[in-house]
Number of protein chains: 2
Amino acid sequence: MENKETILIIDDELPIRRLLDITLGANGYNIILSVNGHEGLVDAATHNPALILLDLGLPDVDGQEILVQLREWYQKPIIILSVRNSEEDIVKALDNGANDYLTKPFRAGELMARIRAALRIVTKSDDNNLFEFGSLQIDTHNHVVKKNNDLVKLTATEYTLLVLMAQNAGRVLTHQYILKEVWGYGYVEQPQYLRVFIAQLRKKIEDEPSKPKYIITESGIGYRFSE
Amino acid sequence: MENKETILIIDDELPIRRLLDITLGANGYNIILSVNGHEGLVDAATHNPALILLDLGLPDVDGQEILVQLREWYQKPIIILSVRNSEEDIVKALDNGANDYLTKPFRAGELMARIRAALRIVTKSDDNNLFEFGSLQIDTHNHVVKKNNDLVKLTATEYTLLVLMAQNAGRVLTHQYILKEVWGYGYVEQPQYLRVFIAQLRKKIEDEPSKPKYIITESGIGYRFSE
DNA sequence: GGTAATCTTTACAACATCTTTATAAAAACG
DNA sequence: CGTTTTTATAAAGATGTTGTAAAGATTACC
C-alpha cells in the first residue's frame with residue numbers, strides 16, 4: 001500500500017495516538033499528530049492533509065469549535081472520534097460539517113474502512129486520469145508526464161501543481177486557490193512560491209517558456225491552463 | 001423544509017419502513033419504498049434517487065450483493081442500515097462502496113444528520129453563472145470571456161467592469177455607481193477613468209468599437225449594457 | 001554522515017496594467 | 001448654427017505585478 005496520503009490526527013489521548021499512528025502508518029499513510037485544538041488548526045493549515053481525524057474532547061478548545069473553524073476553509077473529509085455518544089453531540093458534529101462520527105472505543109478495521117470510504121469520494125473524480133493537451137500527456141493514474149512522448153521529470157510539488165491546473169483547464173485559478181490546494185491554507189499569502197514553481201514548470205513543459213502555450217498568466221488574478 | 005430530494009429505502013422490515021417513511025417525510029424528502037433487492041435495483045434505476053438507504057438483510061438477495069450491483073452505475077450516497085454489527089460486515093460494506101453504515105436500532109436524529117452530511121457533499125457545486133449576449137459569452141464561474149468562441153483577454157479591472165455591466169444588462173448605470181462598484185468610493189469623481197476603460201473594453205468585445213452594440217453610452221448619465 | 005535533490009528566500013529585470021495628459025470627436029443646448 | 005459640455009481615443013509616464021536566476025536552507029536518500 002503506497003498511498004502517501006497525509007492524515008492529521010488531533011487527539012490528546014496517548015494510547016489512541018499510539019494506536020492510530022501504528023495502524024495508519026501500517027496502511028501506508030503519512031501521519032501528523034497534534035495534541036490540542038490550536039496545534040491542530042496550525043498543522044491543518046501548514047500540512048494540507050487529505051483527511052483529518054478529530055477528537056471532540058481536547059484539552060484547550062472544544063472539538064466542535066475546532067471543527068467549525070476548520071470548515072471555514074478546509075473542504076476535505078473530517079472524521080470525528082469521540083467518547084461522547086449522545087445523539088446531540090453526533091448530530092451537532094455532523095451538521096457542523098463532519099463527514100463521519102465514530103465513538104470510542106472503535107474497531108481499528110472499521111476506522112480504516114471509513115477512512116477509505118471518505119477518501120474515495122474525493123479521489124472518485126480520478127476516473128478521468130489521462131489528460132492530453134497537444135504534445136503534453138499527463139497520466140495521473142501512473143503518475144507520469146510526457147512531452148512529445150519523452151518523460152518529463154517533475155518534483156512532487158511541480159507535479160501536484162500541474163495536475164491541479166490541468167484538471168481545471170480553461171478556468172482561471174486565483175493565486176490563493178492554487179496556494180491553498182498545493183501548499184495548504186497557511187501559504188495563501190506567499191504568491192512568490194507560486195511564481196517560482198510556475199517558472200520551473202514552464203521550463204519543463206513549454207516549448208518556449210517565455211511564450212507559454214499551456215500555463216497562461218492572468219495578471220492580478222492567477223493562472224489558467226489553456227485548453 | 002422543502003428539500004424535495006428523493007430517497008430510496010430498500011428494507012423489508014415493516015416497522016423500520018414505517019418509521020423512515022414518517023421521519024424522512026417530515027423532513028421534506030420524497031420517499032420511495034422497495035421491499036426487496038430486485039425491486040430496489042429497479043426503483044434505483046427508474047427514479048434515480050439522491051440517496052439510498054439499504055438494509056443488508058433482504059429476503060431475496062444479500063444486501064452486499066445489491067450494493068455491489070448498485071455501485072456499478074450509481075454514484076450518489078448509499079447508507080447501510082443493518083442489524084449486523086460485526087466488523088467484517090461493516091468493513092465489507094464500506095469497501096463495497098457504501099458511504100456510511102448504521103446499526104439497527106438507530107436514532108432517528110442521527111440518521112437524519114448522517115443523511116444531511118452525505119447529501120451535502122454532492123450538492124455543493126453548480127452556481128454556474130453564464131451570460132450570453134449574441135456572440136459574447138461571460139462565464140463568471142470560470143472567469144472566462146469569449147467572443148465567437150475565441151477567448152478574450154481582459155485585465156482584472158476590465159473584467160470586473162464587464163461583469164458589473166452584464167449583470168445589470170438593460171439598466172442604465174450612472175458613472176458614479178460604476179466607479180463606486182469597480183474602483184471604490186474614492187474614485188467617484190474620476191469619470192475619465194471610466195471612459196478609458198470603456199474604450200478598452202469596446203476595443204476587445206465590440207465588432208465596431210466606434211458603433212458599440214453592447215456598451216451603450218447614455219450621455220450625461222452613464223452607460224447601459226444592451227440585452 | 002555526507003551528498004544530492006528540492007524547497008525557500010532574495011534581488012532585480014522584464015513586463016503588464018493603471019493613471020494621467022492631451023486632443024479630437026460627438027452630443028447637447030440655446 | 002455655433003458654442004459648450006460631454007465623451008472617445010491614443011499615448012506617455014508611473015506604478016504594480018510577474019519572471020528568472022541564484023544563493024541559502026532544508027529535506028531525502030544512499
Side-chain angles (χ1 to χ4, degrees), chain A residues 2 4 6 30 32 45-48 143 145 151-162 165 172-176 178-179 182-184 186-225, chain B residues 143 145 151-162 165 172-176 178-179 181-184 186-225:
Chain A
E2 264 304 310
K4 303 250 266 176
T6 302
N30 283 329
I32 303 157
T46 49
H47 291 95
N48 197 26
H143 202 282
V145 176
L151 215 128
V152 180
K153 188 163 158 41
L154 298 176
T155 70
T157 313
E158 286 162 6
Y159 177 80
T160 311
L161 176 58
L162 176 62
M165 303 227 51
V172 176
L173 304 181
T174 64
H175 302 128
Q176 279 98 357
I178 301 174
L179 284 160
V182 177
W183 284 270
Y187 294 78
V188 163
E189 300 299 327
Q190 301 280 345
Q192 180 55 22
Y193 268 42
L194 189 48
R195 291 193 196 106
V196 172
F197 278 85
I198 289 282
Q200 296 276 46
L201 256 184
R202 280 177 174 156
K203 252 196 275 187
K204 295 185 179 180
I205 65 167
E206 298 279 0
D207 291 319
E208 294 177 87
S210 56
K211 287 175 190 164
K213 240 174 51 189
Y214 298 114
I215 303 179
I216 311 299
T217 303
E218 298 283 346
S219 194
I221 307 162
Y223 296 91
R224 182 169 49 80
F225 197 89
Chain B
H143 199 285
V145 176
L151 213 131
V152 180
K153 189 158 165 44
L154 299 176
T155 70
T157 314
E158 286 162 6
Y159 177 81
T160 310
L161 176 58
L162 176 62
M165 303 223 53
V172 178
L173 304 180
T174 64
H175 302 129
Q176 281 93 356
I178 301 174
L179 285 159
E181 289 296 314
V182 177
W183 284 270
Y187 294 77
V188 165
E189 300 299 324
Q190 302 277 345
Q192 181 54 22
Y193 264 45
L194 190 48
R195 295 199 190 101
V196 172
F197 277 85
I198 290 282
Q200 295 276 46
L201 256 184
R202 281 176 174 157
K203 252 198 278 188
K204 294 184 179 180
I205 66 167
E206 299 280 1
D207 292 318
E208 294 178 86
S210 56
K211 287 175 190 165
K213 241 173 51 189
Y214 297 114
I215 303 179
I216 311 299
T217 303
E218 298 285 347
S219 193
I221 310 164
Y223 296 92
R224 181 168 52 83
F225 196 89

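The sequence lines fix the lettering, A, B, ..., with proteins before strands; numbering per chain opens at 1. For the numbers below, each heavy atom of this structure counts, side chains included, while hydrogens, waters and symmetry mates do not.
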Please name all residues satisfying salt bridge (charged side-chain N to carboxylate O under 4.0 Å, His left out) with [X], sequence neighbours left out, ordered by chain then number.
X: B:E181; answer: none
X: A:R195; answer: none
X: B:K203; answer: none

Distance check needed: D:dT26 P versus A:Y193 OH, whole Å only.
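Atom OH in A:Y193 sits about 11 Å away from atom P in D:dT26.
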Protein N or O to nucleotides 10-18 of chain D N or O, pairs below 3.5 Å:
unit_1 : atom_1 : unit_2 : atom_2 : d
D:dA10 : OP2    : B:K203 : NZ     : 3.4
D:dT17 : O3'    : A:G220 : N      : 3.4
D:dT18 : OP1    : A:G220 : N      : 2.6
D:dT18 : OP2    : A:R195 : NH2    : 3.1

All N/O donor-acceptor pairs, side-chain side in residues 208-217 of chain B, below 3.5 Å, sequence neighbours left out:
unit_1 : atom_1 : unit_2 : atom_2 : d
B:Y214 : OH     : B:F133 : O      : 3.2
B:T217 : OG1    : B:R202 : NH2    : 2.8

Among all residues two or more places apart in sequence or in another chain, which pass the side-chain contact (heavy atoms from CB on, under 4.5 Å) test with A:S219?
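Checked A:S219 against side-chain contact (heavy atoms from CB on, under 4.5 Å); zero matches.
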With sequence neighbours left out, the residues meeting side-chain contact (heavy atoms from CB on, under 4.5 Å) with B:V196 are B:Q192
DNA chain C: 5'-most and 3'-most nucleotides touching chain B, 4.0 angstrom heavy-atom criterion
C:dT17 to C:dA28
Name all residues meeting the ring pair (Phe, Tyr, Trp, His ring centres under 6.0 Å) criterion together with B:F197; count only those two or more places apart in sequence or in a different chain, and write none if there are none.
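Ring pair (Phe, Tyr, Trp, His ring centres under 6.0 Å) check on B:F197 returns B:W183.
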Ring pair (Phe, Tyr, Trp, His ring centres under 6.0 Å) filter on B:H175, not counting sequence neighbours, yields B:Y223
For the helix from C:dG1-D:dC30 to C:dG30-D:dC1, measure the angle between the helix axis at one end and the axis at the other, each built from five pairs, rounding to 10°.
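Roughly 40° between the end axes, to the nearest 10°.
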Test side-chain hydrogen bond (donor to acceptor under 3.5 Å, both in side chains) applied to B:K204 - qualifying residues, sequence neighbours left out:
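Checked B:K204 against side-chain hydrogen bond (donor to acceptor under 3.5 Å, both in side chains); matches are B:E158.
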Beyond-backbone contact of A:I198 with A:M165, side-chain heavy atoms, under 4.5 angstrom:
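Touching, per the 4.5 Å side-chain cut-off.
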